[in-house]
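Values reported hereafter were calculated over all heavy atoms of this structure, with side chains retained and with hydrogens, waters and symmetry mates removed. These numbers were taken from a predicted model, which means no experiment stands behind them.
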Amino acid sequence: MVLKHTKRIQSFLEPKQYAWKFFDRKSFFIMFFMITFGIAIRSLQLLPEEIIAIFYSGLGAALFLAGIQFFHSFLVEMKEEA
């Protein structure tokens, strides 16, 4: 996924982009429902705290690793431009 999104971002012609151009409609739709259902699950206490903690730990680890990969792609791109 990181390589797919890196290629898509690099294909932009303008050097700076607005945040809403990074995602397509499908992505915004998915984010809206994930946030809505996440808030609903927490506020209605539909899952035990232990399950939520495990989920947050896994999600945080995945986002952290993706961030490292994006940063690595950025460093490689900067090195190639130099």
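For the atom pair CE (M1) and OG1 (T6), the distance works out to 10.5 Å, reported to the nearest 0.5 Å. To the nearest 0.5 Å, atoms CD (Q10) and NE2 (H5) are separated by 13.0 Å. Between atom CD1 of residue I51 and atom OH of residue Y56 there is a gap of 13.0 Å, rounded to the nearest 0.5 Å. With values rounded to the nearest 0.5 angstrom, F32 atom CZ is found 8.5 Å from F37 atom CZ.
More than 12 heavy atoms of other residues, nucleotides or ligands sit less than 6.0 Å from atom CZ of F12. When the shell of 6.0 Å around CZ of F70 is examined, it contains more than 12 heavy atoms from other residues, nucleotides or ligands. The environment of Q45 atom CD is sparse: at most 12 non-hydrogen atoms of other residues, nucleotides or ligands sit within 6.0 angstrom.
V76 has its side chain within reach of H72: a pair of non-hydrogen atoms, C-beta onward, lies under 4.5 Å apart. The shortest distance between side-chain heavy atoms of R42 and E49 falls below 4.5 Å. Residues L75 and K79 have side chains not in contact (no heavy-atom distance under 4.5 Å, counting atoms from C-beta outward).
Shown here are the side chain to side chain donor-acceptor pair (under 3.5 Å) partners of S27, two or more places apart in sequence or in another chain: D24.
When the side chains of ILVMFWY residues are joined at heavy-atom separations under 4.5 Å, either directly or via intervening members, I9 and M78 end up in two distinct hydrophobic clusters. Grouping the Ile, Leu, Val, Met, Phe, Trp and Tyr side chains by contacts below 4.5 angstrom, directly or via other members, places I41 apart from I35. Linking ILVMFWY residues whenever their side-chain heavy atoms come closer than 4.5 Å, directly or via other members, places L46 and F55 in the same cluster. Hydrophobic clustering of Ile, Leu, Val, Met, Phe, Trp and Tyr side chains at less than 4.5 Å, counting indirect connections, unites F28 with Y18.
Smallest separation of non-hydrogen atoms from V2 and S73: CG1-OG, 4.4 Å. Between L47 and I52 the shortest heavy-atom distance is O-CD1, 3.8 Å.
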